[in-house]
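Since the model is a prediction, treat every value here as computed from it, not as a measurement.
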Amino acid sequence: MKKVLVVGMLIIFFVTACVTEKIVEPTVNNDYSGQYQSIPYSSNEPEPIVILLLSHEGNKVYGTGSWNAITFNFEGTVINRHTILTFTLKDTNVGNINGDIDAWFGEDNSLAGGYKLWNSHQLFNGPIRFKLVQKMEKKHDQGSGN
């Protein structure tokens, strides 16, 4: 009788150990590297012309950009398709301006959200969206195997 009880308990243990409630799929890490060009929401109001040359590694994003022909460097992070880019526009007609873009990457690698520009005297903000103009391919290190 003890053998039957032990065998029964072993069978129950193996069956419950092999059953899983949910299979967890690995998350796919998107690579958002590329050139992004702002596209206007409406033609009635003037919107900034912004170009971003964005590099994405892990959860970091960085690169160079142009805001109405003023070049700048930016950096930020990506968490669950959300990014905040920070930068400074130097020597504008209202002095140096701090800026950030708070946005989400879309399924098609578009980018949309809002921007904020400020210094000690002024604050500008508004919506902004980008389309991916050109995808940047990652360069793989081939080594120096001559």
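- Atom CG of Asn125 and atom CG of Leu117 lie 8.5 Å apart (nearest 0.5 Å).
- Residues Glu75 and Leu85 are not in side-chain contact: their nearest non-hydrogen atoms beyond the backbone lie 4.5 Å or more apart.
- Surrounding CG of Asn80 are at most 12 heavy atoms belonging to other residues, nucleotides or ligands under 6.0 Å away.
- Looking only at side-chain heavy atoms (C-beta outward), Tyr32 and Leu54 come within less than 4.5 Å of each other.
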* When you look at Ile70 and Thr92, which way does the side-chain contact (heavy atoms from CB on, under 4.5 Å) test go after all the steps? -> CA-CA 8 Å; Ile70 300 172; Thr92 72; 3.6 Å; yes
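- Distance alone, capped at 3.5 Å, is enough to place a donor-acceptor pair between the Arg81 side chain and the Phe105 backbone.
- Atom OG of Ser110 sits about 13.0 Å away from atom CH2 of Trp104, to the nearest 0.5 Å.
- Screening Tyr41, Phe74, Phe124, Trp67 for a ring pair (Phe, Tyr, Trp, His ring centres under 6.0 Å) with Tyr115, the sole residue that qualifies is Trp67.
- Here the closest heavy-atom approach between residue Lys135 and residue Leu132 is recorded as CD-CD2, 4.0 Å.
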* Dump the intermediate steps for side-chain contact (heavy atoms from CB on, under 4.5 Å) on Asp91 and Asn96, then the final yes or no. => CA-CA 5 Å; Asp91 301 325; Asn96 292 345; 3.9 Å; yes
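- At least one side-chain heavy atom of Ile51 sits less than 4.5 Å from a side-chain heavy atom of Gln35.
- With contacts defined as side-chain heavy-atom distances shorter than 4.5 Å, the pair Thr71/Leu89 does not qualify.
- Residues Lys60 and Val78 are not in side-chain contact: their nearest non-hydrogen atoms beyond the backbone lie 4.5 Å or more apart.
- Side-chain atoms of Thr88 never come within 3.5 Å of backbone atoms of Lys90 as a donor-acceptor pair (strictly under, hydrogens ignored).
- Put simply, OG on Ser33 and NE2 on His56 are 7.0 Å apart, with the number rounded to the nearest 0.5 Å.
- Inter-residue side-chain proximity for Val50 and Ile128 is flagged as met; some heavy-atom pair is nearer than 4.5 Å.
- No donor-acceptor pair closer than 3.5 Å links the side chain of Ser38 to the backbone N or O of Phe130.
- Using a distance-only test at 3.5 Å, with no hydrogens or angles considered, a donor-acceptor pair links the side chain of Arg129 to the main chain of Pro40.
- Distance check, rounded to the nearest 0.5 Å: CG of Leu123 to NZ of Lys116 gives 7.5 Å.
- In this structure the side chain of Thr77 never reaches within 4.5 angstrom of the side chain of Val61, judged on heavy atoms.
- Between the side chains of His82 and Asp102, at least one donor-acceptor pair of N or O atoms lies under 3.5 Å.
- In terms of hydrophobic clustering, with Ile, Leu, Val, Met, Phe, Trp and Tyr side chains grouped at heavy-atom distances under 4.5 Å, Phe72 and Val94 are assigned to a common cluster.
- Put simply, CD on Gln37 and CD1 on Ile39 are 9.0 Å apart, with the number rounded to the nearest 0.5 Å.
- Within the 3.5 Å criterion, the main-chain N or O of Ile79 finds no donor-acceptor partner in the side chain of Asn59.
- Atom-to-atom distance recorded for Asn73:CG and Thr64:OG1 is 6.5 Å, nearest 0.5 angstrom.
- Phe87 is listed as a side-chain neighbour of Ile101, based on a closest heavy-atom distance under 4.5 Å.
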